[in-house]
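Take a look at the structure set out below.
Keep in mind that this is a model prediction, so the values were computed, not measured. Position 1 is the first residue of the sequence, and the numbers go up from there.
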Amino acid sequence: MRFLVLMVMLAVVGAASRVMAAPSPAASTSAILAQCREELRADQPVELRRRASLLVGKYLVPEASRLLGQCLQDEDAVVRRNALVSIGEESFHLYNNSEELLRCLMDPDVNIRRLASSLMNDSFVLGGIRKGGYASELLNDALADEDAEVRRNVLIAVQNCGELLEGDALEALLRDSSSSTVILAIRPYLMCDAAPERRVEALSPLAGHPDQAVRLALVETLGSRPEASLKQLYWILSQDEQAAIRGGAFALLLKVVPEEQGVLEGAERLLMDEQVPLATRLVVLNAARSLPGDLCWTLMEPMLDASQALPLREAAWKCMKDFPGMSRNLPVERLLREVVKEENASVRRILVQLLRQQRSALDFEGLLALQGSAHEDVRQAVFSLDSALPKEQREELTVNALLDDSEAVRLEAIRRLGTLRPPDWKQMLCDSLEDPSAAIAAAAARGLLAFARRDPVVTEALVNFLPRCEDVNLRRQLQERLQ
């Protein structure tokens, strides 16, 4: 709307400017401003004042801004409109005339009030206002303007400044016949100084509003500011016919009064109902993260099942990871079973992280089972899970990994051979020099470098590998050692 108003005003300005004489190129800025200052005197003919009000806004200097502010007090509506258009075109003038702009909200000309209210959305216009001051009173009075467009523009501007407004002024707009106006009034009303019981009384009719968009906006706005004092309102919304509204209401109840009878049961019904939109179920599930451990587990545990939709399952498993206290409900045996059968990579990553949290409880048989997984990332994760096992068992897991189909798994096993050094480890590295993967053969060669001149078997294997070495730096190192 602000853009439309500005375009109309600019058209008027353009038409008027075509009848003006262009200023002389040689005229200095100070001379032009002096001329404008003279023509803007109250006793000058209105044609001169209108012309000057168009010209002065083209100069981005403090004197020009001051003269524009003076124009906003002119008795002629065209002069005032011209000045507002210039102010709206340049942030420099808008910043210097923010208080004067607010006074225009009381202008007798409705077009000026519309234009002024459309310009208020710039942050620095409202940034310096203090509640109870003159500017704050202007805002509250503008909310009662007879023109709906003015009221709407002001509401748009104060979405994040509701503390500047009075409850009485906003409550009238909550009863407006226009749903869009009602929706715009909800957020600033929740920020104003109205008492909690007054808020419940004023907002309760909206919970039964015939327009679903109003009810949805109400529950979504309430969701950003949960308050136990508004639980009566949440309960009303929890009975709504629309699942999205019920879900938002139960999310709020879970955050403020989870122990009240019916809250957990209602939330669980929503979570388990496959007819409820997935986005709504996620809202409820995310709200459950704020619950104490046992209550949270009650809602989360059914969502861990593989039959649940992936976003729900992933969110539930993530909750298990983020709150370590939950892991007491998840023995490693279950985690091992889950990670082996899990088809989704992101969920498998979470399960592996949960296993790391309990690595001291993992045994050799469990990790051996992971090495039989069809998923490369699970087999590779074994190397980060076996730190609590005896050295002999870690060596066995490493040797097993040398036969893996995955290059990444074999590469990690090659690197671990040089650290663990199981029996015949140098021979295993020599055999790996024949691996079809250049990366694995190079890793094996690096592991054998230190023994290039001390072990005849290693020396021979490296000499045979040297012609096939593709890594320039490694080839140079091998040549130096083998000489």
I'd like to know whether [atom1] of [X] has more than 12 heavy-atom contacts from other residues, nucleotides or ligands below 6.0 angstrom.
X	atom1	result
Glu259	CD	yes
Glu260	CD	yes
Glu166	CD	no
Glu274	CD	no
Glu201	CD	no

Look only at the side chain of [X] and the backbone of [Y], and say whether a donor-acceptor pair between them is shorter than 3.5 Å.
X	Y	value
Asn344	Val347	yes
Asn97	Glu100	no
Gln371	Leu397	yes
Thr298	Asp294	yes
Gln159	Leu184	yes
Thr221	Ala217	yes
Arg246	Leu237	no
Tyr234	Glu227	yes
Arg394	Leu389	no
Ser373	Arg379	no

Side chains of [X] and [Y], heavy atoms from C-beta outward: is any pair under 4.5 Å?
X	Y	answer
Arg415	Glu412	yes
Leu354	Val332	no
Val46	Asp74	no
Glu342	Arg313	yes
Arg151	Asp176	yes
Leu230	Leu252	no
Arg198	Tyr189	yes
Ser406	Gln380	no

Out of curiosity, [X] [atom1] to [Y] [atom2], how far, rounded to the nearest 0.5 Å?
X	Y	atom1	atom2	answer
Glu163	Cys192	CD	SG	10.0 Å
Leu362	Leu385	CG	CG	6.0 Å
Glu265	Glu268	CD	CD	8.0 Å
Ile183	Leu174	CD1	CG	11.5 Å
Leu138	Leu101	CG	CG	10.5 Å
Ile112	Leu105	CD1	CG	11.5 Å

| said: Evaluate Leu206 against Leu233 for side-chain contact (heavy atoms from CB on, under 4.5 Å), listing each step before the verdict. | reply: CA-CA 10 Å; Leu206 302 189; Leu233 188 58; over 6 Å; no
Nearest non-hydrogen partners of [X] and [Y], listed with the distance:
X	Y	value
Leu270	Gly247	CD1-CA, 3.7 Å
Glu171	Ala202	CG-CB, 4.0 Å
Leu254	Leu291	O-CD2, 3.3 Å
Ala77	Asp109	CB-OD2, 3.5 Å
Leu367	Val382	O-CG2, 3.9 Å
Leu330	Gln358	O-NE2, 3.0 Å

| field | Set of residues satisfying side-chain contact (heavy atoms from CB on, under 4.5 Å) with respect to Pro196, sequence neighbours excluded | value |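 So Pro196 forms a side-chain contact (heavy atoms from CB on, under 4.5 Å) with Ser229.
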| task | Please lay out, stage by stage, how Leu203 and Leu190 fare under the test side-chain contact (heavy atoms from CB on, under 4.5 Å). | result | CA-CA 10 Å; Leu203 294 172; Leu190 287 172; 3.7 Å; yes
| field | side-chain contact (heavy atoms from CB on, under 4.5 Å) assessment of Cys104 paired with Arg80 | value | CA-CA 9 Å; Cys104 290; Arg80 300 197 299 275; over 6 Å; no
Lys/Arg-Asp/Glu bridge criterion (N-O < 4.0 Å) met for [X], [Y]:
X	Y	value
Arg113	Asp147	no
Arg349	Asp377	no
Asp211	Arg215	no
Asp273	Arg281	no
Arg416	Asp386	yes

| Applying the side chain to side chain donor-acceptor pair (under 3.5 Å) test to Asp76, which of Arg81, Arg49, Arg50 qualifies? |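 For Asp76, the side chain to side chain donor-acceptor pair (under 3.5 Å) test succeeds with only one of Arg81, Arg49, Arg50, which is Arg50.
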| field | Polar contact flag, side-chain donor to acceptor under 3.5 angstrom, Glu338-Trp317 | value |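 Note: Glu338 and Trp317 side chains miss the donor-acceptor criterion.
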| task | Indicate whether the side chain of Glu39 and that of Gln35 have a donor and an acceptor atom separated by less than 3.5 Å. | result |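 Indeed, the side chains of Glu39 and Gln35 share at least one donor-acceptor pair under 3.5 Å.
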| Hey, mind stepping through Gln212 and Asp240 against side-chain contact (heavy atoms from CB on, under 4.5 Å) and telling me if it holds? | CA-CA 10 Å; Gln212 175 185 327; Asp240 198 277; 5.9 Å; no
Show which side-chain atoms of residues 65-73 pair as donor or acceptor with protein atoms under 3.5 Å away, not counting sequence neighbours.
from  : atom 1 : to    : atom 2 : distance (Å)
Ser65 : OG     : His93 : ND1    : 2.6
Ser65 : OG     : Asn96 : ND2    : 3.2
Arg66 : NE     : Glu63 : OE1    : 3.3
Arg66 : NH2    : Glu63 : OE2    : 3.0
Gln70 : NE2    : Leu40 : O      : 3.2

